[in-house]
Protein chains: 2
Amino acid sequence: MRTVNVQLGERSYPIYIGEGLLQQAGSYLEKHQLSKQSPLLIVTDEKVADPYLGILEQSLTASGFKVVTAIVGSGETSKSLSVFEAVMTKAIEGGLDRKSAVIALGGGVVGDLAGFVAGTYMRGIRFVQMPTTVLAHDSSVGGKVAINHPLAKNMIGVFHQPELVLYDLSTLKTLPAREVYAGLAEMVKHGLIWDREFAYWCLEHAEELKSVDMQAMGYGLEKGCSIKAAVVSKDERENDLRAILNLGHTIGHAIEAVAGYGEIIHGEAISIGMVGSALIGEALGAEPGLVDTTREMLQSLGLPTVLPEHLSVDRIMTAMMHDKKFLEGQMTFVVPLEIGKVEINRNVDYDLVRRTVELLKKEV
Amino acid sequence: MRTVNVQLGERSYPIYIGEGLLQQAGSYLEKHQLSKQSPLLIVTDEKVADPYLGILEQSLTASGFKVVTAIVGSGETSKSLSVFEAVMTKAIEGGLDRKSAVIALGGGVVGDLAGFVAGTYMRGIRFVQMPTTVLAHDSSVGGKVAINHPLAKNMIGVFHQPELVLYDLSTLKTLPAREVYAGLAEMVKHGLIWDREFAYWCLEHAEELKSVDMQAMGYGLEKGCSIKAAVVSKDERENDLRAILNLGHTIGHAIEAVAGYGEIIHGEAISIGMVGSALIGEALGAEPGLVDTTREMLQSLGLPTVLPEHLSVDRIMTAMMHDKKFLEGQMTFVVPLEIGKVEINRNVDYDLVRRTVELLKKEV
């Protein structure tokens with residue numbers, strides 16, 4: 001069992017990473033002194049509920065906890081105000097009080113939705129994350145929770161840190177390969193922004209990671225969470241430093257928006273976006289070979305590095321403009337200097353970004 | 001001009017109280033370094049908009065601020081998820097960003113709604129309160145903001161402190177008398193829980209307060225805000241001490257619920273509730289004459305002290321049970337010991353509460 005401590009003063013919390021942790025959920029929640037009088041609300045989605053909800057409920061009730069459940073549809077559409085209201089109804093009808101906690105059992109969508117419920121029910125109650133995807137190692141650190149407004153993603157949210165994160169590696173074994181690889185994009189991103197050695201470790205252990213080897217995956221998630229925790233500890237509310245976590249995300253979000261959500265999934269889009277960032281970095285004088293190494297790392301993890309031909313460069317540029325980070329022809333980007341080191345550059349030229357997006361269509 | 005400083009560490013903020021402050025809003029916002037690049041969203045209701053929105057907008061635009069407005073219906077129904085979503089839409093369409101602020105121009109409903117928008121838009125942006133009722137002196141201190149769920153009031157919310165509160169006394173001159181008196185209930189409550197001298201001051205200056213004399217009202221609001229600020233500073237997130245602010249509210253909420261919201265307004269209900277608390281206090285050995293003095297103070301401020309005959313004691317008791325503070329026949333109450341001093345009593349007997357509610361029907 002591995003533990004990462006996220007240091008945030010009185011809001012600090014541990015991330016427990018290991019196999020079979022869902023079966024032991026009851027004792028972990030006991031250890032963290034969650035109330036047995038006040039009901040717990042488990043929020044999960046229909047895909048996760050089938051294999052794992054029973055295991056979790058059994059462990060919790062065996063330890064004497066009272067449990068209420070809310071099962072939502074899987075996918076981004078559950079981050080809506082109407083699903084939020086429905087989960088709130090479950091919480092009220094289930095009798096949750098100020099000493100209750102909300103448990104997110106699932107991936108990023110469930111974590112975001114359940115976290116926003118926990119952050120706003122009676123002005124905030126306790127929150128526990130139990131991620132079941134590789135990608136969720138990223139969202140389980142940092143306390144950013146949100147739902148979508150019809151006009152914009154993640155527009156309605158709060159910062160709400162969990163009491164603990166229980167990361168049961170066993171749940172990752174049944175993930176589709178494509179989702180595993182997409183999650184590895186965020187893992188290697190943590191190496192690319194902060195830890196050269198870890199980025200190369202991901203490359204060297206790519207096959208083990210892709211096949212969800214418990215040892216490699218455990219270490220990779222531990223490192224990924226640790227790096228994110230280090231960044232977040234220094235900048236909890238995203239004033240400046242925390243922005244480096246967005247490496248590849250400006251181009252990536254635009255690709256997702258233009259391709260239509262789901263066509264290219266988040267991890268794939270930011271993989272292509274990180275190649276774009278590397279191209280911008282090299283154009284601005286980063287270490288030689290940066291682009292090739294970045295591509296090699298991403299490809300080894302089963303990730304795409306080329307922008308599909310049918311996606312219009314114009315539309316991607318327009319989507320980026322809507323991101324509102326352009327100011328007078330200049331754009332803020334996370335730009336790599338070398339593998340493991342980036343800087344925030346607020347003066348990236350529009351034309352350079354456009355040329356970069358064009359270059360992303362070229363197979364190398 | 002009077003200033004109350006609410007001490008909450010890095011979330012501290014001032015409350016400015018005086019006449020004609022709306023006309024000077026632009027310079028106050030400048031002084032607090034709100035952004036002139038990022039639009040401000042003014043949330044107000046249809047009743048307040050007519051006399052005051054123009055004055056505020058003019059002051060802000062004259063100082064170079066960009067302004068977007070959202071006018072909601074007046075009354076509790078605007079604290080719904082659908083109105084919340086509509087205000088969020090205004091914010092997004094108006095181009096609010098992380099450096100924007102939301103301004104609440106109005107009473108408690110507008111403050112609660114706008115505060116929850118500010119607390120959740122892009123995970124929290126700045127918030128400015130401009131109260132236009134006497135009652136809002138209470139809600140403008142403490143950072144509790146919330147909207148209603150169809151099943152329960154104030155169930156969805158956060159703690160979100162304002163940057164500043166601008167309390168323009170001139171807006172109180174046009175309030176209906178009944179609303180002024182209801183607001184005075186919360187004012188004298190602050191004396192009853194914390195400051196004997198101030199409670200007696202309210203009694204002595206009742207006529208000036210009722211007629212909205214600027215001098216008396218300014219002092220009363222300053223004291224009321226100061227006392228609430230002192231309590232909140234010691235217990236920002238309502239762990240224990242802060243509960244004393246609920247004097248009269250347990251019975252009061254039940255009266256509101258049974259009478260139907262609007263029939264007996266909040267300040268009136270807690271006035272009757274505070275007489276109830278005094279009766280419980282005397283039964284448990286508080287200073288002699290406590291009930292008579294409490295009644296005299298409330299009556300002098302134009303407030304009811306007798307429960308209307310048609311309201312069923314059974315239904316009031318049931319409504320209190322739903323408040324979920326009963327535990328095994330015992331109830332938690334804020335109980336007066338003397339004028340200006342209360343305690344939290346977690347063992348108030350059910351039968352004593354019932355007898356008290358019955359007694360509240362008796363004219364004295």
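Numbered from 1 within each chain, the chains take letters A, B, ... in sequence-line order. All figures in this text were calculated on a predicted structure; none of them were measured in a lab.
Considering only residues two or more places apart in sequence or on other chains, B:N347 meets the side chain to side chain contact (heavy atoms under 4.5 Å, CB included) condition with B:Q330, B:N345.
Heavy-atom pairs under 4.5 Å with chain B were tallied for A:A152, A:G124, A:G157, A:P150; the largest tally goes to A:G157. Considering only heavy-atom pairs separated by less than 4.5 Å from chain A, the leading option among B:M88, B:M122, B:M155 is B:M155. With chain B as the partner, the residue from A:T120, A:L151, A:I156, A:L81 showing the most heavy-atom pairs under 4.5 Å is A:T120.
For B:T89, the parts sitting under 4.5 Å from any heavy atom of chain A are the backbone and the side chain alike. Heavy atoms closer than 4.5 Å to chain B are found in the backbone of A:V145, but not in its side chain.
Atom NZ of A:K90 is surrounded by 12 or fewer heavy atoms from other residues, nucleotides or ligands within 6.0 Å.
Using a 4.0 Å cut-off between charged side-chain N and carboxylate O, B:K189 and B:E186 make a salt bridge. A salt bridge links A:E76 and A:K79; the closest N-O separation between the charged side-chain nitrogens and carboxylate oxygens is under 4.0 Å.
Looking only at atom types and distance, the side chain of A:K144 has no donor-acceptor partner in the side chain of A:N154 under 3.5 Å away.
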